[in-house]
Amino acid sequence: ISTVEDFIIEIDRTTKQIINTWDLKAALQYSRQTLNDDPVDWIHTNAVIYDESDNTIIISGRTQAVVKLDQNNNVVWVMGNHAGWGTAGNGADLNNFLLQPLDKNNNPITDAQVLNGNINHPDFEWNWYQHAPKLMPNGHIILFDNGTNKRNFGNSTLYSRAVEFEINTAGKTVKQIWQYGKERGPATFSNIVSDADFLSASNHVIFSPGSVNNATNYGKVAEVDYATKDVVFEATITAPTAWYGITFHRTERMKLYE
């Protein structure tokens, strides 16, 4: 086929048989070029997680959005700016699945400039070119919002964030709950790769921009107190050779002796 990174395949580990396949060209809109004009790597799927609560999967399509899909490859919701969405390959109108952002008082944000991603709202910013979504114990999603130089279609300063969103699937709404990284600007801006993790045992967040190019190439791992946003640990990692500017792709907290 002429495209890449646009299939999700579930395999039985015992029998090695394919159990299910999600064809993203059918579920989504191959022709949408709002964030990308590459006809081959049109979505760049960089993560997939399983949501046990409703037997769905959540994918991160770097150049499209974060999308929830059911077992029959139907879209449940789309989290990303509202610009440019139309008809999916299977004929569904994807505008019906776009999440409605809420402000801190749970009021719908109706400014078309915010909805389409041209500007940010004081209480809400869309995810741009994101990586590493994960479900938190409270059901919220935390992810690494890269930003790139195309955040707000180029009308923004450079920064990346770890950001937490609360999504109401039934109501098709999304609310920004927490963020960290914007205040650090270019020093932790990673155009590609990177990671964010929530550590429930300590109520900390690991914020890991893996490809920072700020005079030199490096990656950072910052452990942040969720309640205070104080940095409790930070490491700057410089690779002997940063391949395409990448120091690392993901980081994980592990116990030393186990």
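No experiment lies behind these values; they were computed from the predicted model shown. Position 1 is the first residue of the sequence; numbering continues from there.
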Check your understanding: Is any side-chain N of the basic residue among Arg151 and Asp145 closer than 4.0 Å to the acidic one's carboxylate O?
Key ->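 Asp145 and Arg151: salt-bridged.
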
Tabulate below the donor-acceptor pairs under 3.5 Å that side-chain atoms of residues 205-218 make, not counting sequence neighbours, or state none.
| residue | atom | partner | partner atom | Å |
| --- | --- | --- | --- | --- |
| Ser208 | OG | Thr251 | OG1 | 2.6 |
| Ser211 | OG | Gly245 | O | 2.6 |
| Tyr218 | OH | Ala187 | O | 2.9 |

Answer yes or no: is there a donor N or O on one side and an acceptor on the other, between the side chain of [X] and the main chain of [Y], under 3.5 Å?
X: Asn116; Y: Asn118; result: no
X: Gln64; Y: Arg32; result: yes
X: Asp225; Y: Asp230; result: no
X: Gln113; Y: Asp111; result: no
X: Asp103; Y: Asn107; result: yes
X: Asn146; Y: Val193; result: yes
X: Lys16; Y: Ile11; result: no
X: Ser160; Y: Ser190; result: yes

Practice item. Would you please test Asn120 and Asn152 for side chain to side chain donor-acceptor pair (under 3.5 Å) and show each step? Key: CA-CA 8 Å; Asn120 297 325; Asn152 303 123; 3.1 Å; yes

Under the 4.5 Å side-chain heavy-atom rule for ILVMFWY, direct or indirect, which residues accompany [X]?
X: Trp126; result: Leu35, Ile49, Ile58, Val66, Val76, Trp77, Met79, Leu99, Ile109, Val114, Ile119, Phe124, Trp128, Tyr129, Leu135, Ile141, Leu143, Phe153, Val163, Phe165, Ile167, Val174
X: Val4; result: Val40
X: Leu158; result: Phe189

Identify, with sequence neighbours excluded, every residue that meets salt bridge (Lys or Arg N to Asp or Glu O under 4.0 Å) alongside [X].
X: Arg184; result: Glu234
X: Asp6; result: Lys25
X: Lys134; result: Asp195, Asp197

Exercise for review: Before giving the answer on side-chain contact (heavy atoms from CB on, under 4.5 Å), spell out for Leu115 and Leu98 the whole-Å C-alpha distance, their side-chain angles and the decisive distance to 0.1 Å.
Suggested key: CA-CA 10 Å; Leu115 295 178; Leu98 300 178; over 6 Å; no

Looking only at non-hydrogen atoms, find the nearest pair between [X] and [Y] and report the distance.
X: Leu94; Y: Ala27; value: CD2-O, 3.7 Å
X: Ser200; Y: Pro137; value: CB-CG, 3.9 Å
X: Ser202; Y: Glu223; value: OG-OE2, 4.3 Å
X: Lys68; Y: Thr169; value: NZ-OG1, 4.3 Å
X: Gln130; Y: Gly61; value: NE2-O, 3.3 Å
X: Lys182; Y: Glu125; value: NZ-OE2, 2.6 Å

Practice item. Kindly work out whether a path of hydrophobic side-chain contacts (I/L/V/M/F/W/Y, heavy atoms less than 4.5 Å apart) joins Phe144 to Ile192. Key: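 No: no chain of side-chain contacts under 4.5 Å links Phe144 to Ile192.
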
**Study point:** For His44, side chain to side chain donor-acceptor pair (under 3.5 Å) partners two or more places apart
**Key:**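 Side chain to side chain donor-acceptor pair (under 3.5 Å) check on His44 returns Glu5, Asp41.
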
Exercise for review: State which residues pass ring pair (Phe, Tyr, Trp, His ring centres under 6.0 Å) with Tyr226; sequence neighbours excluded, sorted by chain then number.
Suggested key: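 Listed in chain order: Trp178, Phe198.
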
Point to revise | Test ring pair (Phe, Tyr, Trp, His ring centres under 6.0 Å) applied to Trp85 - qualifying residues, sequence neighbours left out | key: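 Here no residue qualifies.
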
Review point. Do Lys220 and Thr188 have side-chain atoms, one donor and one acceptor, less than 3.5 Å apart?
Key: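 No, Thr188 and Lys220 have no side-chain donor paired with an acceptor closer than 3.5 Å.
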
Review point. Between the side chains of Thr56 and Asp70, is a donor N or O closer than 3.5 angstrom to an acceptor N or O?
Key: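 No, no side-chain donor-acceptor contact under 3.5 Å.
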
Point to revise | Pairs involving residues 6-35, ordered by first then second residue, that meet ring pair (Phe, Tyr, Trp, His ring centres under 6.0 Å) (sequence neighbours left out) | key: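 For residues 6-35, and leaving out neighbouring residues, the ring pair (Phe, Tyr, Trp, His ring centres under 6.0 Å) pairs sorted by first residue read Tyr30-Trp42.
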
Point to revise | Inter- and intrachain pairs under ring pair (Phe, Tyr, Trp, His ring centres under 6.0 Å), touching residues 236-258, at least two apart | key: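 Listed once each, the pairs are His131-His249.
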
Review point. Can you tell me how far CG of Asp38 sits from CD1 of Ile43, rounded to the nearest 0.5 angstrom?
Key: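 It comes to 12.5 Å.
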
Practice item. Given side-chain contact (heavy atoms from CB on, under 4.5 Å), test Asn81 with Asn127 step by step and report yes or no. Key: CA-CA 8 Å; Asn81 74 74; Asn127 43 291; over 6 Å; no

Point to revise | Val224 and His204: CA distance, side-chain angles, deciding distance, side-chain contact (heavy atoms from CB on, under 4.5 Å) verdict | key: CA-CA 5 Å; Val224 182; His204 290 176; over 6 Å; no

